[in-house]
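Worksheet: the structure to be examined is printed underneath.
Owing to the predicted nature of the structure, the values given are computational and were not obtained by experimental measurement. Just so it is clear, the values below take in all heavy atoms, side chains as well, and ignore hydrogens, waters and symmetry mates. Counting from 1, the numbers follow the sequence of the chain as shown.
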Amino acid sequence: MKKILSAVLAAALAGTLLCSCGKGGSDKAAAELLGAAKNSGAAFEELVSVEGSDIKYTYDIEESLYEDFAAEAAGNMAFADEIVFIKASSEDNIEKIKKALEARVQSRKDTLQSYAPAEYDKLCKSEIIVNGNYVYLIVGGDIKTAQKAVDKMF
């Protein structure tokens, strides 16, 4: 009887572990993920925090679409550097958030293309990533280093 009970418990535990790992994502707060990217050793230009209702103005993302966010962008608009982590409030909102970040990148490209080619290149190398319910964007000179630090958090 003990062997059967042990086998049932082991199977239940294995099933729970598999389900919890299936979709990816992180239980970390957006601010922790942003901190990992920022403190990765990659250099970013003069980042300042995007707080509260500024997410609507800066990224055109409604409050109902997310449950957590952390963002920092270059304080000087002549620089493209930016780190944004947004945790969607549901799977249905992931694509909406991704499109809003794509529009942000395109807008910044339009602004910087003619007078800041190096910054424009940073934007061209950036990528919007979806991991679980997180949608994020890292723009900087060394995004691979920042991305590796973030990957460890997921």
Side-chain angles (χ1 to χ4, degrees), residues 13 15-113 115-154:
L13 178 61
T16 301
L17 290 174
L18 286 173
C19 289
S20 67
C21 295
K23 289 198 172 208
S26 176
D27 61 350
K28 304 287 185 191
E32 291 178 86
L33 297 168
L34 185 141
K38 191 174 175 183
N39 298 320
S40 66
F44 294 96
E45 295 288 340
E46 309 175 36
L47 296 177
V48 295
S49 184
V50 177
E51 297 184 11
S53 62
D54 289 343
I55 191 170
K56 171 68 174 137
Y57 171 75
T58 306
Y59 302 102
D60 196 25
I61 297 174
E62 298 291 334
E63 190 174 330
S64 63
L65 297 179
Y66 65 91
E67 65 181 56
D68 191 18
F69 89 95
E72 293 190 12
N76 182 335
M77 293 301 288
F79 294 108
D81 298 52
E82 188 164 358
I83 307 170
V84 185
F85 285 88
I86 303 170
K87 186 173 186 180
S89 57
S90 71
E91 284 186 41
D92 295 338
N93 295 332
I94 292 171
E95 193 60 32
K96 294 173 188 172
I97 293 169
K98 186 176 178 188
K99 286 182 181 183
L101 291 180
E102 288 169 350
R104 166 71 175 178
V105 169
Q106 188 58 53
S107 172
R108 297 293 291 141
K109 282 180 178 179
D110 294 345
T111 300
L112 295 171
Q113 183 174 14
Y115 74 89
E119 300 305 308
Y120 174 80
D121 288 345
K122 288 179 186 179
L123 288 160
C124 289
K125 293 176 184 173
S126 70
E127 181 180 358
I128 297 164
I129 298 170
V130 175
N131 193 329
N133 274 10
Y134 271 101
V135 182
Y136 62 97
L137 167 68
I138 302 172
V139 181
D142 184 10
I143 59 174
K144 288 184 182 186
T145 297
Q147 184 62 50
K148 285 179 187 175
V150 170
D151 287 345
K152 291 178 184 176
M153 302 289 285
F154 281 97

Could you tell me the separation between the [atom1] atom of [X] and the [atom2] atom of [Y], rounded to the nearest 0.5 Å?
X: Ile97; Y: Asp92; atom1: CD1; atom2: CG; answer: 11.0 Å
X: Ile128; Y: Leu101; atom1: CD1; atom2: CG; answer: 5.0 Å
X: Phe85; Y: Phe69; atom1: CZ; atom2: CZ; answer: 13.5 Å
X: Leu33; Y: Asn131; atom1: CG; atom2: CG; answer: 9.0 Å
X: Leu123; Y: Asp110; atom1: CG; atom2: CG; answer: 10.0 Å
X: Asp121; Y: Gln113; atom1: CG; atom2: CD; answer: 10.0 Å

Within the structure provided, determine whether [X] and [Y] are in side-chain contact (heavy-atom separation under 4.5 Å).
X: Asp81; Y: Leu47; result: yes
X: Glu46; Y: Phe79; result: yes
X: Tyr66; Y: Asn93; result: no
X: Val50; Y: Glu72; result: no
X: Val84; Y: Tyr59; result: yes

Ile86 and side chain to side chain contact (heavy atoms under 4.5 Å, CB included): which single residue from Asn133, Asp68, Ile55, Leu137 fits?
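Exactly one option meets the side chain to side chain contact (heavy atoms under 4.5 Å, CB included) with Ile86, and it is Ile55.
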
Sidechain N-carboxylate O distance under 4.0 Å for Glu119, Lys122:
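Counted as a salt bridge, because a side-chain N and a carboxylate O are separated by less than 4.0 Å.
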
Given 3.5 Å as the limit, does a donor-acceptor pair link the side chain of [X] with the main chain of [Y], or not?
X: Glu32; Y: Ala29; answer: yes
X: Ser40; Y: Ala149; answer: no
X: Ser126; Y: Ile138; answer: no
X: Ser107; Y: Ala103; answer: no
X: Arg108; Y: Tyr120; answer: no
X: Asp60; Y: Ala100; answer: no
X: Asn39; Y: Gly35; answer: yes

Might you point out which heavy atoms bring [X] and [Y] nearest each other, and give the distance in Å?
X: Lys98; Y: Val130; value: CD-CG2, 4.2 Å
X: Ala78; Y: Ala116; value: O-CB, 4.2 Å
X: Lys38; Y: Phe44; value: CA-CE1, 4.2 Å
X: Ala80; Y: Leu112; value: CB-CD1, 3.7 Å
X: Arg104; Y: Ala73; value: NH2-CB, 4.3 Å
X: Ala37; Y: Ala146; value: O-CB, 3.8 Å

Check step by step if salt bridge (charged side-chain N to carboxylate O under 4.0 Å, His left out) holds for Lys96 and Glu62.
CA-CA 10 Å; Lys96 294 173 188 172; Glu62 298 291 334; over 6 Å; no

Could you give me the CA-CA distance, side-chain angles and deciding distance for Glu127 and Tyr136, then say whether side chain to side chain donor-acceptor pair (under 3.5 Å) is met?
CA-CA 8 Å; Glu127 181 180 358; Tyr136 62 97; over 6 Å; no

Set out, in order, the CA-CA distance, both residues' side-chain angles and the distance that settles salt bridge (charged side-chain N to carboxylate O under 4.0 Å, His left out) for Glu63 and Lys56, then state yes or no.
CA-CA 8 Å; Glu63 190 174 330; Lys56 171 68 174 137; over 6 Å; no

Surrounding OH of Tyr115 (heavy atoms of other residues, nucleotides or ligands, distance under 6.0 Å), is the total greater than 12?
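Check passes, neighbour count above 12.
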
With a 6.0 Å cut-off (strictly less than), is the heavy-atom count around NZ of Lys109, excluding the residue itself, greater than 12?
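Above 12, so yes.
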
